[in-house]
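This report refers to the structure that appears directly beneath it.
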Amino acid sequence: MAAQNLALIEAINLALKSEMARDENVVVLGEDIGRNGGVFRATVGLLDTFGGDRVIDTPLAETLVAAMAIGLSTQGLKPVAEIQFSGFMYPCVDQVVNHATRLRNRTRGRLSCPMVIRAPNGGGIHAPEHHSESLETTFAQMAGLRVVAPSNPARAYGLLLAAIRDPDPVIFLEPTRCYRLFKQPVEDDGEALPLDTCFIDREGSDITLVSWGAMMHDTRLAADALAEEGISAEVVDVATLKPLDMDTILTSVAKTGRCVIVQESPRAGGWASEIAANLAEHGLLSLFAPVLRVSGYDTIMPLARQERVYIPDTERILKEVRKVFDAAPKG
Amino acid sequence: MAAQNLALIEAINLALKSEMARDENVVVLGEDIGRNGGVFRATVGLLDTFGGDRVIDTPLAETLVAAMAIGLSTQGLKPVAEIQFSGFMYPCVDQVVNHATRLRNRTRGRLSCPMVIRAPNGGGIHAPEHHSESLETTFAQMAGLRVVAPSNPARAYGLLLAAIRDPDPVIFLEPTRCYRLFKQPVEDDGEALPLDTCFIDREGSDITLVSWGAMMHDTRLAADALAEEGISAEVVDVATLKPLDMDTILTSVAKTGRCVIVQESPRAGGWASEIAANLAEHGLLSLFAPVLRVSGYDTIMPLARQERVYIPDTERILKEVRKVFDAAPKG
Amino acid sequence: MDSNHSATRRVASFEIFYTQFLSQDGEARGDLPAFAKDVEQLRAMYQLMIRTRAFDKKAVALQRTGQLGTYAACLGQEAIGVAIGHALKADDVFIPAYREYAAQFARGVPMRDILLYWGGDERGMNYDSGPSMLDFPLSVPIGTHVPQSIGVGYAFKLRKEPRVVLVSCGDGATSKGDFYEAVSSAKVWNLPIVFLVSNNGWAISLPFNRQTGAETVAQKAFAGGMPGEQVDGNDVIATRFVLERAIERARRGEGPSLVEAVTYRLHDHTTADDARRYRSAEEVEAAWDRCPVKRYKAWLENSGHWSAADEEALQTEATATAEAAAQEFLKIEAQAPESIFDHLYATLPKTLEWQRDEVAARGPIAGAH
Amino acid sequence: MDSNHSATRRVASFEIFYTQFLSQDGEARGDLPAFAKDVEQLRAMYQLMIRTRAFDKKAVALQRTGQLGTYAACLGQEAIGVAIGHALKADDVFIPAYREYAAQFARGVPMRDILLYWGGDERGMNYDSGPSMLDFPLSVPIGTHVPQSIGVGYAFKLRKEPRVVLVSCGDGATSKGDFYEAVSSAKVWNLPIVFLVSNNGWAISLPFNRQTGAETVAQKAFAGGMPGEQVDGNDVIATRFVLERAIERARRGEGPSLVEAVTYRLHDHTTADDARRYRSAEEVEAAWDRCPVKRYKAWLENSGHWSAADEEALQTEATATAEAAAQEFLKIEAQAPESIFDHLYATLPKTLEWQRDEVAARGPIAGAH
Ligand SMILES: Cc1ncc(C[n+]2csc(CCOP(=O)(O)OP(=O)(O)O)c2C)c(N)n1
Ligand SMILES: Cc1ncc(C[n+]2csc(CCOP(=O)(O)OP(=O)(O)O)c2C)c(N)n1
Ligand SMILES: [Mg+2]
Ligand SMILES: [Mg+2]
């Protein structure tokens with residue numbers, strides 16, 4: 001099968017189609033995902049292809065969506081639920097943490113919840129209030145869960161396949177502002193990507209830049225800018241946030257001695273802190289300089305006019321990188 | 001007024017009584033808090049003293065409890081809501097993050113939510129399933145919120161007064177297994193403690209031990225054990241978790257050069273990671289050794305029989321402390 | 001239910017009533033309510049309806065030309081907002097959904113603020129004049145605002161104030177647990193709350209008959225032992241009448257109730273939506289026949305309360321008013337970037353000052369405005 | 001509601017029926033259901049009730065002597081569990097609240113497992129025999145399990161399997177949004193679900209009339225357009241009859257319904273509770289007159305289906321059975337400490353292996369067992 005040039009949202013759609021065709025137990029559910037094809041069009045065409053039994057428009061009730069996915073998953077189905085924006089996932093939290101993540105443990109393996117909850121995550125598209133939040137850490141804290149945040153179309157495709165096939169619950173957070181930002185060749189080969197390994201997005205030797213989701217785009221741009229200055233940045237995509245593959249990051253930092261972590265969510269309690277804490281524990285001796293975090297501020301996500309004040313950009317990334325090199329000059 | 005010797009739960013009760021007497025706008029609400037006096041007896045006597053209008057038994061609906069508190073707080077009342085166990089706070093999350101934390105910001109200061117949600121937090125009392133969770137990081141991530149976790153009766157009294165008087169929403173997490181663990185003289189002087197400063201629980205020079213809530217107790221025991229070995233541990237109580245006072249911790253670490261952080265919640269994404277990340281950023285040059293975290297495991301909180309496998313204890317704290325001194329011997 | 005079985009007896013029964021004064025063609029049925037004797041009020045209601053429609057049109061136009069963010073039009077639902085605006089007293093509290101602009105205007109929200117809000121500016125929620133100063137800003141997370149009414153109503157009751165809270169939401173919101181937690185409990189304390197549900201038949205692409213198994217929204221009131229009733233939400237006379245009755249009952253201490261205003265969303269869900277994907281042109285066309293403006297205008301004219309000259313003057317004024325609001329909106333200065341810290345807490349904690357300073361030092365950012 | 005107004009018409013009406021076959025004193029009313037012709041079944045139902053009561057007593061005794069954790073007794077509510085156990089088919093799915101031990105026993109859960117659960121051991125949820133292998137473990141977060149029934153019922157419907165899911169909860173749970181999100185939507189897909197609410201009058205210290213403004217739980221069904229009915233939950237014949245009817249209707253594809261079983265909690269809420277703080281001795285005493293065992297026994301005896309000798313043999317056997325379960329429970333070996341990692345994921349991620357290794361290396365911990 002030839003690779004098609006796809007935007008990220010199209011790769012999501014392709015993965016859903018592909019896996020629904022391959023496995024009749026896969027069902028999708030959520031608000032406006034049927035006839036309407038999803039508010040971002042992730043589920044376009046599924047209703048016509050797979051019918052209303054497997055493409056389930058739910059009432060406007062996010063707790064129900066999560067709970068229904070739990071119920072479906074206990075019966076051998078593989079539900080892939082969509083929440084319209086990650087800011088509306090909070091009503092799912094109780095169901096996920098108090099049920100989905102622990103049914104296997106509670107029943108000593110008798111029942112389990114192989115289910116996926118997908119949602120667009122993050123800001124940058126001038127959307128209305130509550131449509132631009134970053135929820136990864138809310139979920140990544142929860143034991144028994146996997147959290148995935150792809151950064152490009154090919155990874156979105158392969159990781160979504162992996163998430164659907166995984167025997168445990170997975171939260172799948174898609175980078176809203178990258179949905180149509182760029183295209184990439186994606187082959188519909190049905191190949192899943194591993195769910196527990198960071199991607200080395202680009203190799204480098206002077207500093208390790210770590211990010212995930214939409215911020216990977218700006219991180220790549222920052223690496224480009226650094227390259228022009230003769231600084232070689234290794235870029236790590238932590239697309240599988242939970243469980244966290246620190247080995248790849250530690251190996252990289254052992255090589256570069258410097259690390260900056262980039263996230264969009266507020267600073268305090270973000271996943272960047274988890275990574276930095278692991279570096280403070282295991283990487284201290286390889287570090288030439290403090291580990292710096294570039295993040296959203298500890299504020300409410302501003303409405304559209306000020307969202308760019310909040311969201312980190314290349315300039316802010318480069319500023320922190322410079323601080324690192326000021327503390328530990330190259331060479 | 002003479003100080004009384006009180007257990008932590010009694011200090012909570014005293015603070016509620018004291019503040020309800022002082023300020024007629026204070027109301028308490030929650031499940032079984034009226035005639036029953038609360039499942040842990042935190043609200044005993046309030047109904048008789050202040051009447052059913054101000055001591056509100058709510059239906060069994062935690063979203064409602066949080067939303068009702070929001071509504072009350074917008075009208076100039078000062079609601080103090082109780083959730084029976086922190087594991088049942090998840091249905092409050094949406095109301096807290098999508099409304100309480102941001103009403104002030106959304107209305108540019110026109111409306112606000114001066115409210116407190118209290119709950120017992122953590123395990124160790126052989127309670128049933130879902131009664132032993134640690135929720136502080138779930139909330140400490142949220143911008144616009146304060147999160148408080150007292151570790152002894154006197155601080156519980158002074159911090160609860162401060163929380164009630166604070167003009168913004170506060171999550172107040174009480175250490176369940178310390179409710180009746182020890183008593184302490186508490187004076188009903190109506191004096192609030194500051195909401196943005198760590199307590200130096202004990203001064204020391206060789207290592208900084210950082211903790212909060214119930215784990216403070218074991219951390220103090222660990223410091224005692226270290227003192228016998230001639231190691232002087234400074235113990236910092238981060239009772240006001242959010243916003244986080246890193247200055248006190250950094251000052252301490254600048255002095256000791258070593259740091260171990262102790263938390264009960266799972267390791268990944270816990271508040272210990274936030275503190276360690278800040279140390280990796282600002283304290284790297286004063287650190288002689290890696291920053292180690294002692295924490296619950298990244299598992300579901302086990303049922304009662306195995307809860308002690310999960311909850312960190314003095315032995316586990318001392319083991320990490322020894323690793324630190326192995327990496328950077330004293331002297 | 002095998003209700004005839006001798007071991008079985010009936011223990012409770014419930015009824016739902018529907019009220020409509022003005023037929024689709026503007027004919028009056030039955031004795032009109034007392035307020036209908038006050039011609040000035042009748043005219044004011046019509047004026048508010050038309051101004052709202054003009055505003056709505058302008059807002060959509062601003063969005064289509066890239067001058068406004070996503071906007072949720074109220075086309076076809078104006079009568080409900082007008083009825084709310086006229087039924088509430090100044091010191092009542094309104095907790096709105098997002099299509100009752102007419103009510104917000106009546107309570108003093110400047111049109112500019114609504115534009116600011118959808119334009120992505122927090123200042124659009126700082127209603128600073130008239131009764132709206134007491135009101136909540138609209139809630140985007142559907143239905144989550146509904147249980148907050150319980151706290152507001154409880155505060156009124158605790159203080160023995162003769163005030164009422166009206167909380168509104170859409171039919172979609174009635175699927176949310178938040179809605180039911182409020183409905184189930186309001187009567188426990190007999191609170192002065194009116195729950196108003198604008199059932200416009202759709203929640204984005206989901207029709208009402210796929211939203212719930214219930215035949216009406218009104219019957220959901222029974223889950224809380226409250227009265228529930230339906231009204232023709234495109235009949236401004238009926239809607240105001242039914243709402244006023246519910247509000248005054250609540251004010252007299254007779255407790256909460258639920259009103260389902262049956263209406264239709266004539267526009268796309270928002271400007272980001274294309275309703276043709278999920279509903280037929282015929283359905284929408286048929287709904288235009290039930291348009292609240294058409295019907296009310298016909299009745300006002302037939303009753304001699306409204307003339308062609310009145311109409312012309314109003315249309316001109318309404319368009320100008322909307323245009324003026326748009327200009328005011330477009331000219332407003334950007335907030336300072338560091339204003340994102342201004343109302344985070346009553347006082348910014350000192351540990352966050354460096355973040356504000358960083359933003360302030362950086363100055364204006366490309367793309368922020 | 002001013003229902004006589006000429007602009008107002010009735011558009012819907014609803015009724016709630018209550019079913020009781022056996023009076024408080026064990027007199028039968030009306031024609032008994034068909035299953036009452038099968039004496040073996042009638043006796044089996046009684047036996048299950050008595051065994052459950054003996055179990056309950058033993059569990060409380062274990063707790064009082066420090067050999068069990070907090071335990072939620074089912075005293076006074078045994079008829080409901082028995083009815084469920086007899087009404088469900090083997091391949092149906094039961095999603096229980098926490099007082100239907102009789103139903104769980106009927107479906108194959110060993111008594112030992114219930115003790116293990118309240119003893120703080122996850123193995124108490126690994127039901128490994130009989131129909132219970134399909135069932136959910138009980139849900140401590142009140143009401144949260146209720147909407148999960150929608151997914152289970154949907155799976156049955158999707159696969160065209162003639163199976164039913166029965167989900168049970170208490171009156172307190174009916175205040176939770178989770179409950180309503182399920183009730184509101186079940187009929188959208190006409191799912192084969194029976195919602196069973198055991199209304200025992202109390203949610204810990206909150207009496208039903210402070211729990212909700214609704215007069216009955218049954219009427220909450222109307223929020224989802226489903227049938228709702230009440231049954232005397234202390235009448236095992238009526239409860240089984242009503243449940244079977246609801247279950248078989250669901251199985252025939254006629255959709256979901258809600259059954260409110262009116263009962264009373266004769267025990268404290270749990271062994272950690274002291275009900276004397278919030279309810280009177282008179283109330284409890286009066287409730288003992290409505291005890292499900294007393295009434296059913298009287299009727300069985302009067303009907304000649306049960307003798308004093310039967311009773312004596314059963315009591316002896318039931319006590320011995322409970323005792324044996326207790327011994328089995330007390331003798332079970334502790335799980336290995338590192339078992340807390342065993343079922344976290346299908347396969348433990350390699351990044352967590354060091355944690356398991358740390359626990360394993362440490363060995364047994366004081367206080368863990
Ligand atoms: C909790 C939540 N889920 C989903 C959305 C996305 N969304 C916005 S409006 C809407 C439909 C609302 O329907 P309804 O309540 O009937 O109001 P209407 O738009 O018809 O006025 C949806 C699903 C949201 N804003 N909040
Ligand atoms: C979400 C949640 N909130 C609070 C509790 C604490 N709690 C346990 S049982 C109970 C009362 C339950 O009442 P009801 O549903 O009527 O069941 P019953 O105990 O009467 O059988 C409460 C408040 C809980 N377990 N879960
Ligand atoms: Mg609608
Ligand atoms: Mg009950």
Side-chain angles (χ1 to χ4, degrees), chain B residues 30-41 44 47 52 56-65 67 84-85 87-91 94 123-133 266-268 295-311 313 315-316 319-320, chain D residues 69-72 98 116-122 124-125 137-144 170-178 203-206 210-212 269-270 272-275 277-279 334-335 337-341 343-344 349 351-352 355-356 358-359 362 364-369:
Chain B
E31 296 160 14
D32 305 295
I33 62 143
R35 180 149 323 282
N36 200 38
V39 285
F40 281 106
R41 337 282 312 121
V44 158
L47 180 68
I56 312 166
D57 267 326
T58 64
L60 206 174
E62 285 78 11
T63 301
L64 175 71
V65 171
Q84 288 188 344
F85 290 88
F88 306 139
M89 294 179 94
Y90 292 107
D94 193 24
I125 60 158
H126 264 65
E129 208 180 2
H130 300 280
H131 286 59
S132 304
E133 332 299 302
R267 190 175 195 78
S295 69
Y297 295 107
D298 288 313
T299 64
I300 304 303
M301 178 78 200
L303 291 199
R305 282 186 170 197
Q306 303 277 353
E307 65 177 344
R308 286 291 170 189
V309 174
Y310 171 93
I311 302 173
D313 55 18
E315 192 184 315
R316 277 171 65 193
K319 187 172 154 215
E320 298 306 305
Chain D
T70 302
Y71 171 74
Y98 47 83
L116 272 174
Y117 179 72
W118 293 110
D121 191 317
E122 286 79 3
M125 294 178 280
L138 57 80
S139 169
V140 162
I142 299 295
T144 53
D171 47 310
T174 69
S175 289
K176 291 277 292 182
D178 303 56
I204 310 187
S205 71
L206 200 69
R210 306 294 298 164
Q211 186 67 249
T212 175
H269 169 66
T270 64
D273 175 50
D274 180 356
R277 289 202 193 106
Y278 52 79
R279 65 185 190 184
Q335 298 183 90
E338 64 274 22
S339 70
I340 66 174
F341 293 90
H343 299 286
L344 191 56
T351 57
L352 293 180
Q355 295 191 8
R356 185 186 53 197
E358 179 177 297
V359 172
R362 196 175 175 198
I365 309 288
H369 53 103

Would you mind checking which part of P128(B) comes under 4.5 Å of any heavy atom in chain D, side chain (CB onward), backbone (N, CA, C, O), both or neither? side chain

Using a strict cut-off of less than 4.0 Å between a Lys/Arg side-chain nitrogen and an Asp/Glu carboxylate oxygen, indicate whether R305(B) and E122(D) qualify as a salt bridge. no

I want to know whether F85(B) and F40(B) have ring centres closer than 6.0 Å. yes

Which atom names give the shortest non-hydrogen contact between T144(D) and S139(D), and what distance separates them? OG1-OG, 3.2 Å

Portion of Y117(D) that has a non-hydrogen atom of chain B nearer than 4.5 angstrom: both

Side chain, backbone, both or neither of L344(D) within contact of chain B (heavy atoms, under 4.5 Å): side chain

Using non-hydrogen atoms and a 4.5 Å limit, figure out which bit of I340(D) sits close to chain B: side chain, backbone, both or neither. both

Kindly check if the number of other-residue, nucleotide or ligand heavy atoms within 6.0 Å of CZ (R279(D)) is above 12? yes

Select one option (side chain, backbone, both, neither) describing which atoms of A275(D) are under 4.5 Å from chain B's heavy atoms. neither

Go through the atoms of T63(B) and report whether side chain, backbone, both or neither lie under 4.5 Å from a heavy atom of chain D. neither

Could you verify whether a donor N or O on one side chain and an acceptor N or O on the other, from T270(D) and T70(D), lie under 3.5 Å apart? no

Can you tell which of E31(B), H131(B), H126(B), R41(B) has the highest number of heavy-atom pairs within less than 4.5 Å of chain D? R41(B)

Option that, when pairs with chain B are counted at under 4.5 Å, heavy atom only, ranks first among G172(D), P141(D), A368(D): P141(D)

Engaged part of R362(D) at the chain B interface, taking heavy atoms whose separation is under 4.5 Å: side chain

Quick check on D178(D) against chain B: is it the side chain, the backbone, both or neither that has a heavy atom closer than 4.5 Å? neither

Pick one of side chain, backbone, both or neither for E338(D), based on which atoms fall under 4.5 Å of a heavy atom in chain B. neither

Side-chain contact, heavy-atom cut-off 4.5 Å: M125(D) with L303(B)? yes

Taking atom types as modelled and ignoring hydrogens, do the side chains of D57(B) and Y278(D) form a donor-acceptor contact shorter than 3.5 angstrom? no

Is it the backbone or the side chain of I142(D) that comes under 4.5 Å from a heavy atom of chain B, or both, or neither? side chain

Heavy-atom side-chain proximity of R267(B) to Y297(B) below 4.5 angstrom: no

